[in-house]
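One is the number of the first residue; the rest follow in order along the sequence. These values consider heavy atoms only, across backbone and side chains, with no hydrogens, waters or symmetry-generated copies. Only a predicted model underlies this, so the values are computations on that prediction, with no experimental measurement involved.
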Amino acid sequence: MEMLQADSFHGVLLDLNLPRISGHEVLAQARRTFPDLPVVVMSASQSRIRAVKESNVGTCCYIVKPFGIAELKQALQSCFGPSQEPVAS
C-alpha cells in the first residue's frame with residue numbers, strides 16, 4: 001500500500017497470496033483509497049478467486065496461476081485496452 005500511495009500507477013497486478021498481509025486486505029485498502037484503479041487479481045486457488053468475485057470489490061479481471069504470457073496479456077488488455085506499440089516511420 002505504501003508504494004501505491006507514494007507513486008502514480010495505472011493499475012495493480014495483485015497476487016492474493018502475500019507473505020505479510022492478506023491479498024484480500026490489500027485489495028480492500030486499494031479500493032477504499034483508489035476506487036477507480038484497475039486491479040488484476042491472480043491466485044493459484046479457484047476458490048480464492050471465486051471469493052473475490054463474490055465480494056464485488058471491483059477488480060478488473062482474474063487470472064488463475066499458473067498462467068502464460070498470452071493469458072497475462074489478455075487480462076491486461078481487458079483492463080487497459082490494447083497496448084500502444086510505437087509505429088516505425
Residues at least two apart in sequence or cross-chain that pass side-chain hydrogen bond (donor to acceptor under 3.5 Å, both in side chains) with Asp15, listed by chain then number, are Lys65

Working note: Val40 + Leu76, criterion side chain to side chain contact (heavy atoms under 4.5 Å, CB included); need CA distance, chi angles, decisive distance, verdict. CA-CA 7 Å; Val40 177; Leu76 294 174; 4.2 Å; yes

Closest non-hydrogen atoms of Ala75 and Cys61, given as atom of the first, atom of the second and distance, are O-SG, 3.4 Å

Item to complete: Using a 4.5 Å cut-off on heavy atoms from C-beta on, say whether the side chain of Leu13 contacts that of Met42.
Response: yes

| query | Does CD belonging to Gln74 count more than 12 external heavy atoms closer than 6.0 Å? | reply | no

Rounded to the nearest 0.5 angstrom, the CG-CZ distance for Leu37 and Arg31 is 6.0 Å

Sorted by chain and number, sequence neighbours left out, side-chain hydrogen bond (donor to acceptor under 3.5 Å, both in side chains) with Ser78 holds for none

To the nearest 0.5 Å, atom OH of Tyr62 lies from atom CG of Leu16 at 10.0 Å

| said: Taking the basic N atoms (NZ, or NE/NH1/NH2) and the acidic carboxylate oxygens, is any pair closer than 4.0 Å for Glu25 and Arg32? | reply: yes

- Query: Is there side-chain contact between Ile63 and Val41, with at least one heavy-atom pair below 4.5 Å?
  - Reply: no

The residue among Ile21, Val12, Val39 that forms side chain to side chain contact (heavy atoms under 4.5 Å, CB included) with Val26 is Ile21

Practice prompt. Give a yes or no on whether the backbone of Gly68 and the side-chain of Glu71 come within a donor-acceptor separation of less than 3.5 Å.
Written response: yes

